[in-house]
Number of protein chains: 2
Amino acid sequence: MTPPTGRRRGPSKGDRREQAILETARELLARKPLAEITIDELAAGAEISRSSFYFYFDSKLAVVVALLHGLTGELIAGSGPWLDGTGPDEEALRSSLTGLATLWTSHGRLLAGALAAAPGCPPIAEWRATLRDAHVKRLAERIERDRAAGLAPDGPAPAILAGMIDDLRLATLAGTARNGAPSPGDLVDDLVVVELRMLYGDLPIRHSDE
Amino acid sequence: MTPPTGRRRGPSKGDRREQAILETARELLARKPLAEITIDELAAGAEISRSSFYFYFDSKLAVVVALLHGLTGELIAGSGPWLDGTGPDEEALRSSLTGLATLWTSHGRLLAGALAAAPGCPPIAEWRATLRDAHVKRLAERIERDRAAGLAPDGPAPAILAGMIDDLRLATLAGTARNGAPSPGDLVDDLVVVELRMLYGDLPIRHSDE
DNA sequence: GAGCAGAGTCGACACGGTGTCGACTTTGTC
DNA sequence: GACAAAGTCGACACCGTGTCGACTCTGCTC
C-alpha cells in the first residue's frame, strides 16, 4: 500500500524486465528469423546480462512459447461465425480467413519459427496440437452437421478432411511468409474457393463405367 | 591401367568412404530425426575421424543435399500419366499419390528434416523450390488444358491452385510422418478425393441473391 | 535503524557441436 | 626412388547454451 501514484503495487522491476525481453523478442522477430536470434541479443535488448536472462526464462524457446500463448486468442477469434454456421457461407469463411491472414502478416516470423521448432520442442508442439485439435474438432462437427443436413457431399472422414483444411491454411500462409505475399487479399479469395470446394464440391463428372 | 581385376579403376578409397558416410546417414535417419544426428556419428559410422569427414562434405547439410538429390528421380517418377493427362483421371492420380506416399514412408525423416532446415540452408531451399516449381508448372498446364476444354471449372489462377495442391500433399505427408500414419492407403484415397474436388469440384449450391 | 529474506544480477565456468589448420601417412605414377 | 595427390588426424579456436555461487538491491518487520 505504498504506491507512488494511486495505482496499487506498480509492476516490480522483474515484471518490467520480463516484458522487456518479450518486447525485444517481438522486435527482433520483425527483422530476422527465430533461428538467428540469440539469447545474448534478447538479454541485451532488455539491458541485462545473458545469465540474468535465465532468471526469467528457461530458454529461447520458452520466450517463444510465451509469445505464442499471447497469440492464441487472436488466432481463434473471428472464426466463430464460420465454424458455428452451416452450409457454404462464403462470407463467414472469408472473414475467418481474413483474420488469420492479417495475423500472419504481422507475426509470420514468430509462427513460422515456432512451427519449424515444434518437433524437438514439446511445449511448442503441444501448443500447436491444442490449437489444431480445437479447430479440427469444431470444423469436423460442422462437416458432420452439413452432411447430415444434405448440404455437403460425403467424402473423407470429417476429422481427416478438417485436418487437411487446417494443414492447407498453414502451409499456404507459411508460404507467403517465406516468399513475398502475392497480395494478401487475393490469397484469401483463393483459399475461400478452395476450401469451399474441398467441403462442398461434389464431382460433376463421374467417369462412366465402360 | 593397372586394375586389380578386369574392372578398370575400381572405386577409390575415398569413393568408398563417401558412400559409407551417405549410407550411415541413411541408417541414422531411419532411427532418429536429422536434428539429432551429429557429424561425429556420421564420421564414426564411416570409420573415419570427425575432421576427415570434412574432406568429403562441407557440413551435415551437404550430406542431406546429396541424399536429397538421390531421391529427386523417385519423387517425380510415376506422376507422368497424371500430369500429362486430362480430366479427372482418378486412377492416374491415385497411382501418382501412391508412389509419393510410399517414398515418404521410407524416407520421411530425411524429407521432414530437410524441409525443416530449408529456410536457412539455401541449397536445400533451392532443391525444394526446383522440385516444387517443376510440379507446379506441369500441374498448372494441366489445369489450363482442362479449363480450356471445359473439363474443369474456373477458379484460382492455375499456378496458385497447383501450388496449393503441392503444399497440401507435403503437409499431409509430413503430418503422417510425425504422428503414426492412419493407414497409408486410406490417406491416399482421401487425398485423391480432395485433390479432385479442388480441381473439378464446382459448387452445386450458389447462394441465391435475395 | 538493524536485520533479514527474497528478488534480481552477474562473472566464471563447463559443455557440446562446428569448422579450420598444419603436419603427417598413404597411394599411385613416372 | 622421388614426387604429387589423396586421404587422415590431433589440436585448436569459436560460438551458443546452460549452471553455479557469490554478490547487491529492495522492502519488510521488529
Side-chain angles (χ1 to χ4, degrees), chain A residues 1-5 7-25 28-29 32-66 113-114 116-117 120-124, chain B residues 1-25 28-29 32-66 113 116-117 120-124:
Chain A
M1 315 289 186
T2 48
T5 78
R7 270 191 273 162
R8 60 155 182 264
R9 171 87 52 235
S12 73
K13 196 171 165 190
D15 290 342
R16 277 181 290 110
R17 291 267 132 108
E18 189 170 327
Q19 275 313 115
I21 293 175
L22 258 10
E23 188 48 40
T24 305
L28 290 174
L29 277 168
K32 51 173 161 178
L34 175 59
E36 285 175 26
I37 296 174
T38 168
I39 292 183
D40 281 271
E41 295 177 279
L42 258 15
E47 293 176 311
I48 54 179
S49 76
R50 201 175 60 81
S51 20
S52 286
F53 167 92
Y54 289 97
F55 182 79
Y56 298 101
F57 295 96
D58 281 343
S59 70
K60 184 173 73 177
L61 260 5
V63 176
V64 170
V65 172
C121 178
I124 295 185
Chain B
M1 317 287 181
T2 50
T5 76
R7 271 189 273 165
R8 61 153 181 266
R9 172 86 52 234
S12 73
K13 195 172 166 190
D15 290 342
R16 275 182 289 109
R17 291 266 133 109
E18 189 170 326
Q19 274 314 114
I21 292 175
L22 257 11
E23 187 47 40
T24 305
L28 289 174
L29 277 168
K32 50 174 159 177
L34 176 60
E36 285 175 27
I37 295 175
T38 168
I39 292 185
D40 281 272
E41 296 177 278
L42 258 15
E47 293 176 311
I48 55 179
S49 76
R50 201 176 58 81
S51 20
S52 286
F53 167 92
Y54 289 97
F55 181 80
Y56 297 100
F57 295 97
D58 281 344
S59 69
K60 183 172 74 178
L61 260 5
V63 176
V64 170
V65 172
C121 177
I124 294 185

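These figures come from a predicted structure and were not determined experimentally. Throughout, a chain's letter reflects where its sequence line sits, starting with A, and its residues are numbered from 1.
- Contact check, B:S52 against D:dC9: a side-chain N or O comes under 4.0 Å of OP1 or OP2.
- For the pair A:T38 and D:dT17, the criterion of a side-chain N or O lying under 4.0 Å from OP1 or OP2 is met.
- In this structure, B:F53 places its CZ atom 13 Å from P of D:dT8, rounding to the nearest Å.
- Under a cut-off of 6.0 angstrom, the local environment of CG in B:D40 is crowded, with over 12 non-hydrogen atoms contributed by other residues, nucleotides or ligands.
- Minimum atom distance to the side chain of A:I39 is reached by D:dT17, of the listed C:dT18, D:dT17, D:dT8.
- For the OP1/OP2 pair of C:dG8 and a distance below 4.0 Å, the side-chain nitrogens and oxygens of A:Y56 include no atom meeting the criterion.
- Counting to the nearest Å, the P atom of C:dG16 and the CD1 atom of B:I37 are 19 Å from each other.
- Taking 4.0 angstrom as the limit, B:R17 places none of its side-chain polar atoms (N or O) nearer than this to OP1 or OP2 of D:dA6.
- In this structure, the CD atom of B:E36 is 16 Å from the P atom of C:dG16, given to the nearest Å.
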* Under the side chain to side chain contact (heavy atoms under 4.5 Å, CB included) criterion, do B:F57 and B:L22 qualify, and how do the steps go? -> CA-CA 10 Å; B:F57 295 97; B:L22 257 11; 3.7 Å; yes
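- Taking atom CZ on B:R16 and atom P on C:dT27, their separation rounds to 10 Å, with Å as the unit.
- Judged by distance alone, the side chain of A:K60 and the main-chain N or O of A:I37 form a donor-acceptor pair under 3.5 Å.
- As rounded to whole Å, 12 Å separates atom P of D:dG10 from atom CD1 of B:I48.
- Atom pair A:F55:CZ and D:dT24:P shows a separation of 17 Å (rounding to whole Å applied).
- No hydrogens or angles were tested; on distance alone, a donor-acceptor pair under 3.5 Å links the side chain of A:R50 to the base of D:dG18.
- Protein atom CD of A:E47 is 16 Å distant from nucleotide atom C1' of C:dC10, rounded to whole Å.
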* Worked check of side chain to side chain contact (heavy atoms under 4.5 Å, CB included) between A:I39 and A:V63 -> CA-CA 10 Å; A:I39 292 183; A:V63 176; over 6 Å; no
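- Not one side-chain nitrogen or oxygen of B:S51 sits closer than 4.0 Å to the OP1 or OP2 atom of D:dC9.
- Separating the NZ atom of A:K60 from the P atom of D:dC15 is a distance of 16 Å, rounded to the nearest angstrom.
- Remark: A:E41 engages A:K32 in a salt bridge, criterion side-chain N to carboxylate O under 4.0 Å.
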